[in-house]
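Small disclaimer: the values here were computed from a predicted structure and weren't measured.
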Amino acid sequence: MRRAVVTGTGLYAPGRAIPNAEFNDRYGIDVDTFLRENRNIRERHFMAADQATSDLIVPAARDALAEAGLEAADLDLIVVATDTPDYVSPSTAAVVQHKLGASNAGTFDVNTACAGFVTITDMAWKYIAADPGYTHILVVGAYGMSKYLDWDDHKLATLFADGAGAAVISAAEGDGAGGVLSSTLYAEGSFHDYMGIYAGGTAQPISAEALERKDHLLRFVKKFPAETNPTHWPRLIRQVLERIDREPAEVDRFFFTQINIRSIEQTLDILGVPHDRSHNVMDRFAYTGSACIPMAMADAVDRRVLKQGDLVVLMGSGGGMAMAALAMEWGWDT
């Protein structure tokens, strides 16, 4: 069986860091205290008016390729996970292929909201295991949600941010270190109308009425039950670990969706794992949706906190509701 190993990572956050204090001034209320104490958010980055999601992906992808020792032409496939694409059609992955000069790569996008990166890592693993025609796959989580924020809503405008995280997943033969070990996907489609960007598709085309309702912007229509993530995250993590006969206490590093530090801590408490096993980056990048897990993973590489043979778990969740969990063995000392 060919192994699917992460061989390179990269992240990109556009523009300057914007501290919470700027929102205090903008809205005339203290948002900083709540964000620091309840979300672990201190600053974030927003794309420029002339940037698109693909412009965030390209620098992250180039860093991942360089770390993997590859050229863009070495890629066999590019998969982009995003719910803020450059266009409704064609795919953002096609734009990225052109901008990178990855002329030999197939392309497609995946939208499972903020569970996207873990979902496409699962897919890349299965492509490599099933087809010898795929040796190097670029998987990217990207988020340009600032283009869809209602800036009159301080609760949303201060939480979300922009960025991209990329990883190269390469085929490896034999019994060496590294590789995806187990994964699972889960969804509850009954939550599809709780949160999203609802205008612009066939169900609700852009219209004057939709614009007046702000349906072209991110909306929280209903409130997710508070127990949603602390219920399903531990369950799915245990599921992927049981398949490889491992325990939560054996996991060296967790990478969670970075929307709520309390959900992360509660999940780790349920699993009986110390809080410092989770590598968190929302303090610097706020919530970057499908980009947050690969950004955290690339940051962990940059900070040299991963070792060859480490057991790593990715746990993503997002609107829809979609969730994805994945366990892997890390392939090199960072």
- Does a side-chain heavy-atom distance below 4.5 Å link D30 with F23? no

- Item | Donor-acceptor pair, side chain of D310 and main chain of K307, under 3.5 angstrom | yes

- Item | Sidechain N-carboxylate O distance under 4.0 Å for K214, D152 | yes

- Message: Is there a continuous path of hydrophobic side-chain contacts, each under 4.5 Å between heavy atoms, that joins V240 to I120?
- Response: no

- Query: Between R2 and E173, is a salt bridge (charged side-chain N to carboxylate O under 4.0 Å, His left out) present by the stated rule, with each step listed?
  - Reply: CA-CA 5 Å; R2 302 164 87 221; E173 305 285 350; 3.6 Å; yes

- Query: What do the steps show when you test I41 against R36 for side chain to side chain contact (heavy atoms under 4.5 Å, CB included), and what is the final call?
  - Reply: CA-CA 5 Å; I41 292 173; R36 282 189 292 106; over 6 Å; no

- Item | Interatomic spacing from CD in E242 to OG in S182 - rounded to 0.5 Å | 9.5 Å

- Is it the case that Q239 and R243 place a side-chain donor and acceptor less than 3.5 Å from each other? yes

- Carboxylate-amine/guanidinium proximity below 4.0 Å for R16 and E22: yes

- Apart from I206 itself, residues in the same hydrophobic cluster as defined by side-chain heavy atoms under 4.5 Å: L211

- Item | Hydrophobic cluster identity match, L236 and V251, side-chain contacts under 4.5 Å | yes

- Message: Are the side chains of V79 and V110 in contact, using a 4.5 Å heavy-atom criterion?
- Response: yes

- Can you check whether G144's main-chain N or O pairs, donor with acceptor, with T84's side chain at less than 3.5 Å? yes

- Any sub-3.5 Å donor-acceptor pair from T288's side-chain atoms to D162's backbone N or O? no

- Item | Members besides L100 in its Ile/Leu/Val/Met/Phe/Trp/Tyr cluster (side-chain heavy atoms under 4.5 Å) | I57, V58, L65, L70, L75, I78, V80, V96, L138, V140, V168

- Report, as yes or no, whether the 6.0 Å neighbourhood of atom CG on D175 holds more than 12 heavy atoms from other residues, nucleotides or ligands. no

- Task: Just say parallel, tilted or perpendicular for the rings of F191 and F224, cut-offs at 30° and 60°.
- Result: parallel

- Hey, are the side chains of P294 and F117 touching, using non-hydrogen atoms and a 4.5 Å cut-off? yes

- Item | Heavy atoms of other groups near E227 CD, more than 12 under 6.0 Å | yes

- Task: Show your reasoning for whether side chain to side chain contact (heavy atoms under 4.5 Å, CB included) applies to K99 and S54.
- Result: CA-CA 8 Å; K99 289 181 176 180; S54 61; 2.7 Å; yes

- Note on the structure: Members sharing L217's hydrophobic cluster, built from side-chain contacts under 4.5 Å between Ile, Leu, Val, Met, Phe, Trp and Tyr, are none

- Item | Note, F285 side chain near M295 side chain (heavy atom, < 4.5 Å) | yes

- Hey, are E43 and R284 close enough for a salt bridge, meaning a charged N less than 4.0 Å from a carboxylate O? no

- Following the transitive rule for hydrophobic clusters with a side-chain heavy-atom cut-off under 4.5 Å over Ile, Leu, Val, Met, Phe, Trp and Tyr, establish whether I259 and F46 coincide in one cluster. yes

- Write down the atom of S170, the atom of H136, and the distance for their closest heavy-atom approach. OG-ND1, 2.8 Å

- Non-hydrogen side-chain atoms of S103 and H98 separated by less than 4.5 Å: no

- For the side chain of R39 and the backbone of L159, is there at least one donor-acceptor N/O pair under 3.5 Å apart? no

- Query: Would you say the side-chain atoms of E67 and T7 include a donor-acceptor pair closer than 3.5 Å?
  - Reply: no

- Pair T119-T112, side-chain donor/acceptor within less than 3.5 Å: yes

- Message: Checking R262 against N40: is there a side-chain donor and acceptor pair closer than 3.5 Å?
- Response: no

- Message: Applying ring-ring contact (aromatic ring centres under 6.0 Å, His included) as the test, list every pair that has at least one member in residues 227-249; sequence neighbours left out.
- Response: Y186-H232, W233-F256

- Please answer: with hydrophobic residues joined when any side-chain heavy atoms are less than 4.5 Å apart, are M145 and M282 in the same cluster? yes

- Note on the structure: Looking only at heavy atoms, the pair that brings P234 and N229 closest together is CD-O, 3.6 Å

- Message: Within the supplied structure, the quantity of interest is the number of heavy atoms (other residues, nucleotides, ligands) at a distance under 6.0 Å from D245 CG; does it exceed 12?
- Response: no

- Message: Please find the pair of heavy atoms, one from Y287 and one from S317, that lie closest to each other, and give the distance.
- Response: OH-O, 4.1 Å

- Query: Can you list the steps and then say if N20 with T158 is a side chain to side chain contact (heavy atoms under 4.5 Å, CB included)?
  - Reply: CA-CA 8 Å; N20 293 341; T158 58; over 6 Å; no

- Message: Looking at E250 and R246, is there a salt bridge between them, counting it only when a charged N and a carboxylate O are closer than 4.0 Å?
- Response: yes

- NE2 of H216 to OG of S207: how many Å apart, nearest 0.5 Å? 10.5 Å

- Item | CD/E188: more than 12 non-hydrogen atoms of other groups inside 6.0 Å | yes

- Donor-acceptor contact present, side-chain D63 to main-chain A60, <3.5 Å: no

- To the nearest 0.5 Å, what is the distance between CZ (F254) and CZ (R277)? 7.5 Å

- May I ask whether L241 and I270 are part of the same hydrophobic cluster, defined by side-chain heavy atoms of I, L, V, M, F, W, Y residues being less than 4.5 angstrom apart, directly or through others? no

- Answer yes or no: is there an ion pair linking K222 with D193, defined by an N-O contact shorter than 4.0 Å? yes

- Item | Closest approach of V118 to L314 (non-hydrogen atoms, all atoms of both residues) | CG2-CB, 3.9 Å

- Does the side chain to side chain contact (heavy atoms under 4.5 Å, CB included) test come out yes or no for W330 and M297, once each step is laid out? CA-CA 11 Å; W330 196 254; M297 193 162 64; 3.9 Å; yes

- Item | Minimum-distance pair of heavy atoms, taken over all atoms of A124 and V139 | CB-CG1, 3.9 Å

- May I ask you to test the D299-L11 pair for a side-chain heavy-atom distance under 4.5 Å? yes

- Query: Do E329 and Q308 come close enough that some side-chain heavy atom pair is under 4.5 Å?
  - Reply: no

- Message: Are there over 12 heavy-atom neighbours, none belonging to H275, within less than 6.0 Å of that residue's NE2?
- Response: yes

- Query: So which heavy atom on S278 is nearest to which on I264, and how close?
  - Reply: OG-CG2, 3.5 Å

- Out of L306, V312, V305, L311, which one pairs with D252 under the side chain to side chain contact (heavy atoms under 4.5 Å, CB included) rule? L311

- Item | N/O donor-acceptor pair under 3.5 Å between T92 side chain and D86 backbone | yes

- Is the side chain of N24 donor-acceptor paired with the backbone N or O of D32 at a distance under 3.5 Å, no angle test? yes

- Item | Under 3.5 Å: donor-acceptor pair, side chain of S290, backbone of A142 | yes

- Message: Tell me if the centroids of the rings in F220 and Y194 come within less than 6.0 Å of each other.
- Response: no

- Note on the structure: Note: with side-chain heavy atoms under 4.5 Å as the link, the other cluster members for Y87 come out as V95

- Below 4.5 Å, heavy atoms only, C-beta onward: do D55 and Y12 meet side chain to side chain? no

- Message: Could you check whether any side-chain N or O of Q258 sits under 3.5 Å from a backbone N or O of V281, counting only pairs where one atom can act as donor and the other as acceptor?
- Response: yes

- side chain to side chain donor-acceptor pair (under 3.5 Å) partners for D215, two or more places apart: R213, R219

